[in-house]
Amino acid sequence: MIIRKAKISDVEDIHKLITHYASEGLMLPRARSTLYECIREFSVVEIDSKLIACGSLHIVWADLAEIRALAVAPKYTQLGYGRALVNTFLQEAAALELPRVFALTYQPGFFIKCGFRLIDKEDLPQKVWKECVNCPQFPNCEESAVIIDLD
Ligand SMILES: CC(C)(COP(=O)(O)OP(=O)(O)OC[C@H]1O[C@@H](n2cnc3c(N)ncnc32)[C@H](O)[C@@H]1OP(=O)(O)O)[C@@H](O)C(=O)NCCC(=O)NCCS
């Protein structure tokens with residue numbers, strides 16, 4: 001397994017993976033244009049030269065970053081790759097001296113296993129909701145907010 005920063009040539013595979021879960025309503029769809037713009041935020045997991053997982057760390061403010069677009073290909077779930085990506089983002093956040101990382105998710109149980117805790121969505125700053133306006137579920141979203149403090 002290799003965890004590495006994403007490259008431009010990964011965009012098609014990332015788009016396919018996210019679109020798969022977005023079609024099941026599990027995550028927000030991402031346009032290719034958005035992926036190109038944000039590609040430097042992405043890391044991926046590669047096995048035998050095949051991209052099997054992706055995710056991104058988006059900086060929101062001086063004290064807050066968000067894990068976004070986290071997805072592990074269906075055949076590779078429950079094998080620790082999601083946690084490995086989350087840990088990569090937490091290390092990245094710590095290196096940037098960001099004190100807190102959050103996620104909005106339909107899988108809070110997974111994030112709790114990764115050390116996050118549930119919080120009230122209202123406790124997150126308004127700036128966080130910028131992207132939500134483009135979501136088909138807005139404003140009746142059932143996602144949970146989870147957060148971790150980095151020491
Ligand atoms: C959620 C997701 C990223 C988890 O990745 P994964 O590689 O399967 O998770 P891991 O194998 O690293 O699991 C780490 C731990 O969390 C647990 N876990 C995994 N998915 C879980 C879930 N949906 N609910 C509760 N616990 C979960 C695992 O059992 C494991 O527990 P353990 O420490 O006791 O062994 C993956 O299932 C996925 O891509 N889902 C669809 C897209 C999605 O919902 N993304 C999240 C959007 S923010």
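Each ligand, and each atom within it, is numbered from 1 in the order the structure gives. Given the structure is predicted, the values throughout are model-derived calculations rather than measurements.
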- Are any of the side-chain nitrogens in D149 or R117 under 4.0 Å away from the carboxylate oxygens of its partner? yes
Which atom pairs, one a donor and one an acceptor, fall under 3.5 Å between side chains of residues 42-49 and the rest of the protein, sequence neighbours left out?
from, atom 1, to, atom 2, distance (Å)
E46, OE1, R4, NE, 2.8
E46, OE1, R4, NH2, 2.8

- Query: Between Y21 and V72, is there a donor-acceptor pair closer than 3.5 Å when you use the side chain of the first and the backbone of the second?
  - Reply: yes
- Message: Would the distance check show the side chain of D10 and the main-chain N or O of K7 forming a donor-acceptor pair, the cut-off being under 3.5 Å?
- Response: yes
- Query: Any side-chain heavy-atom pair from K121 and L104 closer than 4.5 angstrom?
  - Reply: yes
- Task: Could you point out which residue of T105, V86, V146 forms a side-chain contact (heavy atoms from CB on, under 4.5 Å) with F110?
- Result: V86
Check: every ligand 1 N/O to protein N/O pair under 3.5 Å:
from, atom 1, to, atom 2, distance (Å)
ligand 1, 7 (O), G82, N, 2.8
ligand 1, 8 (O), Q78, N, 2.7
ligand 1, 11 (O), L79, N, 3.1
ligand 1, 11 (O), G80, N, 2.7
ligand 1, 12 (O), G82, N, 3.4
ligand 1, 12 (O), R83, N, 2.8
ligand 1, 20 (N), Q78, NE2, 3.3
ligand 1, 23 (N), Q107, OE1, 2.8
ligand 1, 29 (O), Q78, OE1, 3.0
ligand 1, 33 (O), R83, NH2, 2.3
ligand 1, 34 (O), K113, NZ, 2.7
ligand 1, 39 (O), V72, N, 2.7
ligand 1, 45 (N), L70, O, 2.8

